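Presented below is the structure to which this report refers.
From a predicted model like this one, the values you see are computed outputs, not experimental measurements.
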Amino acid sequence: MSRPDYILFDKESTAIIFNNQPRAVQRMLDYDYVIGRKQPSVVAIVNPSGKGLYPAMFGHRECLIPVYATTAEAVAEHPAADVFINFASLRSAWASTRTAMNHDSLRTFVVVAEGMPERQARELAQIAEEKGKWLIGPATVGAIAAGAFKTGNSAGTVDNIVHCKLFRPGHVGFVSKSGGMSNEMYNVIAKHTSGIYEGVALGGDRFPGSTATRHLVRMNANPDIAMLVYLGETGGNDEYEMIEAVQKGEITKPLVVWVTGGCARLFPGEAQFGHAGASARNETETTEAKLEALRKSGIHVPESFDDLGSVLGKVFDQLKRNGKVRMPVEPKFPHVPVDFDEALRSKLIRNKPSIISTISDDRGEELTYNNIPISRIVREQYGPAGVISELWFKRRLPPHAIAFMEMVLVLVADHGPAVSGAHNAIVAARAGKDLVSSLASGLLTVGPRFGGAIDDAAKVFSHGMLNKLSPLELIENHKNAGQPIPGIGHRVKSLENPDMRVEILKEFVFSKFPASPILKYALEVEALTTRKKNTLILNVDGAIGAAFADILFSGNEFTPQEAERYLELGALNGLFVVGRSIGIIGHFLDQRRLEQPLYRHAYHDIAYMG
């Protein structure tokens, strides 16, 4: 949609954002909602690292903003977009803006980056002038057309926008060198006039993309703007250009100017105030010299910044008396919902959490496990079992328990390719599945017949001993119920061919544990079951379960209720899952390394029985 040359933004303006800044984008959309725009002003985001959809809020509803990898793609899909807001860093702002300026549909460019080299800034300004485009910045917060459009963080929050009456147009065209002072000036102007029609923060670098005078001349041509205001800084020659424009008749409307930095004369030598351009390099660039020249030219200049409001009021009142302006009718505007995170941070609401976590916290300066900083976990060499102790049991278990868990992780890591977990992972790997899928395939076989009997064995042996059941009574009870005893029995190992893993565990427990009554009770059960069959031995699941039951019930670390609770939760099977994951991953890598083909079971190993 074409618009007069003196209008940079109106209610139809739409923007492409380069290098998304979520808060700035959301502030633009909140402004759109307040002023009653039917559609968001942000139509596309350019993110060189990827594509997709960016979710943002437009009032009470979510809107999805398309994300493109290049500006060319965004422009092709959104040819009506005429504003390019660049949040790129100073390292890439020049190149990305220069590229965007090649697109005819983009007319106004806002470059936020500070510290752009002067040569690059001057080159962008020259390109913009040659192509008939407007460049605001670099080092700018942008611009705002009251009641129509705003760029990024310009004018701040919705509260400030409402306070400064920026939700509808006034009669003042405002230009500032300082972005930070813009909000204060919007407030001063709103108090003493009808408010701004348009405000532009040029940016504080010495060579901005467009000069104050160019903007003032442009605003002067706008019949809806009745007076002009400029806030300058010490340094530069903008004010002298304005004086020349007034003398040539290019600026004919009342112009109020204030220049900050008058205190510079109190400092020895050359003083710079924040911005690269806020430094007087000769006498004519000082605040005093510029103010004096402005007064002589007939431009309205207050005696001090404190006097600025009254001067604005006098000029505006004169315009009203002359019938040049009429106070606007204040429109109603909708309430903008507060983002949940912001409301929670400001303690405006309280939230009942959906998830409660008591074992770790990543919100502070460093991650904690059970309130212990990760740096301490590493420095004091907690090791995998020490971390399990804190994350699973929320306490530091004694050294013999930590060492026992470390041993268990080693002993159960693998038991060859024939067992179901490894076999499933091998089949999945050979089918081309990824590591996580293959690991999950193997772990899903863990159960009461494979690796998942540790908790049940711990329950059976601890309850039998604590309830003073004799080993024979325990065996008879399971026999009468038709249930095998968890942790008893092995397909291959026997009394004559013992499982070395169980022998290692027994040796460790009897030498390191302060007490091991439950493991001894389990071995008494084994002594009876092996009389019937020599393979009905205490297997590795049973040995781990009985020994860990001794940690739970025979020490001082857990109350009986806590011990029972951990058995109910299935914590002990977790040791097998963690340990066996090591071996399953090993089998996955082994198959991939060997480049094994798709697995197909041999016919001769299947009994086809139609």
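Checking side-chain atoms of His171 against main-chain N and O of Ser194 turns up no donor-acceptor pair under 3.5 Å. Between the side chain of Lys253 and the backbone N or O of Ile225, at least one donor-acceptor pair lies under 3.5 Å. With hydrogens and angles ignored, the 3.5 Å screen pairs a side-chain donor or acceptor of Tyr240 with a backbone N or O of Thr284. Of the possible donor and acceptor atoms, one in the side chain of Ser389 sits under 3.5 Å from a partner among the backbone N and O of Arg395. A donor-acceptor pair under 3.5 Å is absent between the side-chain atoms of Thr140 and the main chain of Ile136, judged by distance alone. Using a distance-only test at 3.5 Å, with no hydrogens or angles considered, no donor-acceptor pair links the side chain of Gln126 to the main chain of Glu123. When atom types are taken as modelled, the side chain of Ser96 and the backbone of Ala93 share a donor-acceptor pair closer than 3.5 angstrom. No side-chain donor-acceptor contact under 3.5 Å links Ser182 to the backbone of Ala201. Panel note: side chain Asp30, backbone Phe58; no donor-acceptor pair is recorded below 3.5 Å. In this structure, Asn322 contributes its side chain and Gln318 its backbone to a donor-acceptor pair below 3.5 Å.
In this structure, a donor-acceptor pair under 3.5 Å is present between the side chains of Thr252 and Asn220. A donor and an acceptor atom, one from each side chain of Asp307 and Ser304, are nowhere located under 3.5 Å apart. In this structure, a donor-acceptor pair under 3.5 Å is absent between the side chains of Asp361 and Thr368. Side-chain atoms of Tyr6 and His215 include no donor-acceptor pair closer than 3.5 Å. Asn187 and His163 are linked by a side-chain donor-acceptor pair at a separation below 3.5 angstrom, with hydrogens and angles left out of the test. Arg23 and Gln26 form no side-chain donor-acceptor contact under 3.5 Å, judged by distance and modelled atom types alone.
Side-chain contact check for Met28 versus Phe149: some heavy-atom pair is nearer than 4.5 Å. In this structure the side chain of Val172 never reaches within 4.5 angstrom of the side chain of Leu228, judged on heavy atoms. Using a 4.5 Å cut-off on side-chain heavy atoms (C-beta onward), Arg218 and Leu8 make contact. Residues Ile17 and Val46 form no side-chain contact, since every pair of their non-hydrogen atoms from C-beta on lies 4.5 Å or further apart. At a threshold of 4.5 Å between non-hydrogen side-chain atoms, the residues Phe174 and Glu198 do not count as touching.
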Report the C-alpha separation of Phe87 and Phe18 in whole Å, then their side-chain angles, then the decisive distance to 0.1 Å, and conclude whether the ring pair (Phe, Tyr, Trp, His ring centres under 6.0 Å) test is met. CA-CA 6 Å; Phe87 288 103; Phe18 189 92; 9.9 Å; no
Apply salt bridge (Lys or Arg N to Asp or Glu O under 4.0 Å) to the pair Glu285 and Arg206, showing each step before the final yes or no. CA-CA 12 Å; Glu285 291 188 11; Arg206 188 156 181 83; 3.3 Å; yes
Go through Asp434 and Ser437 one step at a time and tell me if the side-chain hydrogen bond (donor to acceptor under 3.5 Å, both in side chains) criterion holds. CA-CA 5 Å; Asp434 60 278; Ser437 300; 2.7 Å; yes
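Residue pairs meeting the side chain to side chain donor-acceptor pair (under 3.5 Å) criterion with at least one partner in residues 55-67, sequence neighbours excluded, are absent. Within the structure, salt bridge (Lys or Arg N to Asp or Glu O under 4.0 Å) contacts touching residues 364-382 (residues at least two apart or in different chains) are Arg376-Glu380.
By the 4.0 Å N-to-carboxylate-O rule, Arg3 lies too far from Glu12 to be salt-bridged with it. Remark: Glu241 does not engage Arg214 in a salt bridge, criterion side-chain N to carboxylate O under 4.0 Å. The pair Glu330-Arg168 meets the salt-bridge criterion, with a side-chain N (NZ, NE, NH1 or NH2) lying under 4.0 Å from an Asp/Glu carboxylate O.
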Below 3.5 Å, can you tabulate the donor-acceptor pairs from side chains in residues 348-359 to any protein atom, sequence neighbours excluded?
unit_1: Thr358; atom_1: OG1; unit_2: Lys394; atom_2: NZ; d: 3.4

What pairs of donor and acceptor atoms, side-chain ones from residues 291-303 against any protein atom, are under 3.5 angstrom apart with sequence neighbours left out?
unit_1: Arg295; atom_1: NH2; unit_2: Pro302; atom_2: O; d: 3.0
unit_1: Ser297; atom_1: OG; unit_2: Leu294; atom_2: O; d: 2.7

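For the atom pair NE2 of His103 and CZ of Phe109, the computed distance is 8.5 Å after rounding to the nearest 0.5 Å. Separating the CH2 atom in Trp134 from the OG1 atom in Thr108 is a distance of 9.0 Å, to the nearest 0.5 Å. Between Asp224 atom CG and Met219 atom CE the span is 13.0 Å, to the nearest 0.5 Å. Interatomic distance, CD1 of Ile16 versus OH of Tyr68, reported as 8.5 Å (0.5 Å rounding). We find the CD1-CG distance between Ile189 and Leu231 to be 9.0 Å, quoted to the nearest 0.5 Å. To the nearest 0.5 Å, the span separating CD1 on Ile127 from NZ on Lys133 amounts to 11.0 Å.
The side chain to side chain contact (heavy atoms under 4.5 Å, CB included) search around Ala145 returns Phe9, Ala148, not counting sequence neighbours. Checked against side chain to side chain contact (heavy atoms under 4.5 Å, CB included), Thr14 has the following partners two or more places apart in sequence or in another chain: Arg37, Val43, Ala81, Asp82.
Shown here is Lys191, whose NZ atom has no more than 12 heavy atoms of other residues, nucleotides or ligands within 6.0 Å. Around the CZ atom of Phe167, the shell of radius 6.0 Å holds more than 12 heavy atoms that belong to other residues, nucleotides or ligands.
Checked against Arg27 for a side chain to side chain donor-acceptor pair (under 3.5 Å), the options Asp32, Asn153, Thr151 give a single hit: Asn153.
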